[in-house]
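Working notes, structure below.
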Amino acid sequence: MATLVIITVLCVVLMVVAAWFAIRTSDLVSAVIGSSVVSLMASVLFLILHAPDVAMTEAAIGAGLSTFVFLIAIRKTERYEKDEEQ
Amino acid sequence: MNIIDVVILLIGVSLFASFIRFLKGPTMSDRAMALDFMSVVVVSLMVVLSFVFDRSIYLDVAMVYALIGFVGTVIIGRYLEGGL
């Protein structure tokens with residue numbers, strides 16, 4: 001089915017671009033949102049690969065718990081990444 | 001071309017458009033809104049995939065993601081308002 005191939009390729013491309021964005025940005029809240037997008041696309045890919053239990057676990061951990069933990073950590077430290085090149 | 005193919009392609013176009021808003025969004029509220037919209041679109045994609053694969057157990061994944069994605073958006077909003 002060609003449409004499933006198209007939506008799979010779209011999900012993989014969006015996942016790679018979101019991961020690149022989460023690495024390169026200096027605002028850490030943007031990085032948290034980027035990693036949440038990566039988790040979203042991974043959940044769709046697990047569902048396409050016929051693994052609904054893994055997709056459910058990825059949805060619960062990636063979208064809910066890791067966002068919460070990372071935002072607690074950012075609130076306790078600082079939001080913007082410093083330039084540490086000398 | 002079946003009607004399900006058209007639906008999946010339109011969902012893909014909508015996902016791509018909201019992803020562009022996620023990349024370009026100047027403020028943090030734009031990115032949080034784009035994440036919430038992508039969550040809604042992905043839930044609808046999961047429901048359509050459940051119909052395509054003819055497995056009703058896949059609807060549970062969509063239900064779990066609809067609940068958890070809302071919680072994630074609320075947490076980001078609470079952080080931006082300073083109340084977390």
Side-chain angles (χ1 to χ4, degrees), chain A residues 1-11 13-15 17-18 20-22 24-25 27-37 39-72 74-76 79, chain B residues 1-2 4-9 11-13 15-16 18-20 22-23 25 27-28 30-36 38-39 41-43 45-50 52-53 55-80 82-84:
Chain A
M1 195 169 173
T3 315
L4 277 182
V5 176
I6 292 173
I7 199 72
T8 306
V9 170
L10 178 68
C11 284
V13 167
L14 292 192
M15 197 172 165
V17 175
W20 178 80
F21 176 79
R24 292 298 297 170
T25 184
D27 188 2
L28 293 179
V29 183
S30 291
V32 168
I33 295 177
S35 72
S36 183
V37 172
S39 164
L40 188 73
M41 294 305 148
S43 180
V44 176
L45 287 177
F46 283 136
L47 193 69
I48 290 175
L49 292 172
H50 297 280
D53 47 351
V54 189
M56 203 180 295
T57 309
E58 179 74 32
I61 299 295
L65 192 62
S66 81
T67 304
F68 185 66
V69 170
F70 278 135
L71 283 180
I72 289 288
I74 287 172
R75 184 178 67 89
K76 284 190 183 299
R79 179 170 169 176
Chain B
M1 198 170 192
N2 204 355
I4 293 297
D5 295 337
V6 179
V7 168
I8 290 177
L9 286 180
I11 284 175
V13 169
L15 199 63
F16 188 70
S18 60
F19 187 76
I20 286 181
F22 162 72
L23 281 184
T27 67
M28 197 53 58
D30 290 326
R31 292 197 174 99
M33 187 273 300
L35 178 67
D36 190 33
M38 286 173 81
S39 172
V41 169
V42 158
V43 165
L45 177 63
M46 283 173 178
V47 172
V48 173
L49 284 177
S50 163
V52 168
F53 294 140
R55 304 274 175 88
S56 64
I57 192 67
Y58 289 0
L59 288 174
D60 292 344
V61 184
M63 189 183 72
V64 168
Y65 208 94
L67 292 171
I68 301 297
F70 173 71
V71 173
T73 307
V74 166
I75 288 170
I76 293 173
R78 290 282 292 185
Y79 176 78
L80 292 179
L84 186 66

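In what follows, chains are A, B, ... by sequence order, proteins preceding strands, each numbered from 1. Every value quoted in this text rests on a predicted model; they were computed, and no experiment measured them.
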Between [X] and chain A, with a heavy-atom cut-off of 4.5 Å, which part of the residue counts as in contact: side chain, backbone, both or neither?
| X | value |
| --- | --- |
| B:Val71 | neither |
| B:Asn2 | neither |
| B:Val52 | side chain |
| B:Ile76 | both |

Closest heavy-atom contact between [X] and [Y]?
| X | Y | value |
| --- | --- | --- |
| A:Pro52 | B:Tyr58 | CG-CE1, 3.5 Å |
| B:Ile68 | A:Gly64 | CG2-N, 3.5 Å |
| A:Thr67 | B:Gly72 | CG2-O, 4.4 Å |
| B:Gly12 | A:Ile7 | CA-CD1, 3.8 Å |

Query raised in the report: For A:Phe70, does the CZ atom sit with more than 12 other heavy atoms under 6.0 Å from it, leaving out its own atoms?
Result: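 No.
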Report task. Answer yes or no: are there more than 12 heavy-atom neighbours, outside B:Arg78 itself, under 6.0 Å from its atom CZ? Result ->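 Result for CZ/B:Arg78: open.
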Rounded at 0.5 Å granularity, tell me how far [atom1] in [X] sits from [atom2] in [Y].
| X | Y | atom1 | atom2 | result |
| --- | --- | --- | --- | --- |
| B:Leu80 | A:Leu71 | CG | CG | 8.5 Å |
| A:Thr3 | B:Ile11 | OG1 | CD1 | 11.5 Å |
| B:Phe22 | A:Leu14 | CZ | CG | 10.0 Å |
| A:Ile33 | B:Met38 | CD1 | CE | 11.5 Å |
| B:Phe53 | A:Ile48 | CZ | CD1 | 6.0 Å |
| B:Leu23 | A:Trp20 | CG | CH2 | 8.0 Å |

Query raised in the report: Between B:Ile4, B:Leu67, B:Ile75, which shows the greatest number of heavy-atom pairs under 4.5 Å with chain A?
Result: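 Greatest number of close heavy-atom pairs with chain A: B:Ile75.
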Under 4.5 Å from any heavy atom of chain B, what part of [X] do you find: side chain, backbone, both or neither?
| X | value |
| --- | --- |
| A:Leu10 | side chain |
| A:Val17 | both |
| A:Asp27 | side chain |
| A:Leu40 | both |
| A:Ala2 | neither |
| A:Ile6 | side chain |
| A:Phe21 | side chain |

**Report entry** Interface residue of largest heavy-atom contact number with chain B, from A:Gly62, A:Gly34, A:Ser30, A:Ala55, under 4.5 Å
**Finding:**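 Option with the greatest count: A:Ser30.
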Any side-chain heavy-atom pair of [X] and [Y] under 4.5 Å:
| X | Y | result |
| --- | --- | --- |
| A:Leu4 | B:Leu49 | yes |
| B:Phe19 | A:Met41 | no |
| B:Arg31 | A:Val29 | no |

Requested in this report: Start with the C-alpha gap between A:Phe46 and B:Val61, add the side-chain angles, then the distance that decides, and say whether side chain to side chain contact (heavy atoms under 4.5 Å, CB included) holds.
Outcome: CA-CA 10 Å; A:Phe46 283 136; B:Val61 184; over 6 Å; no
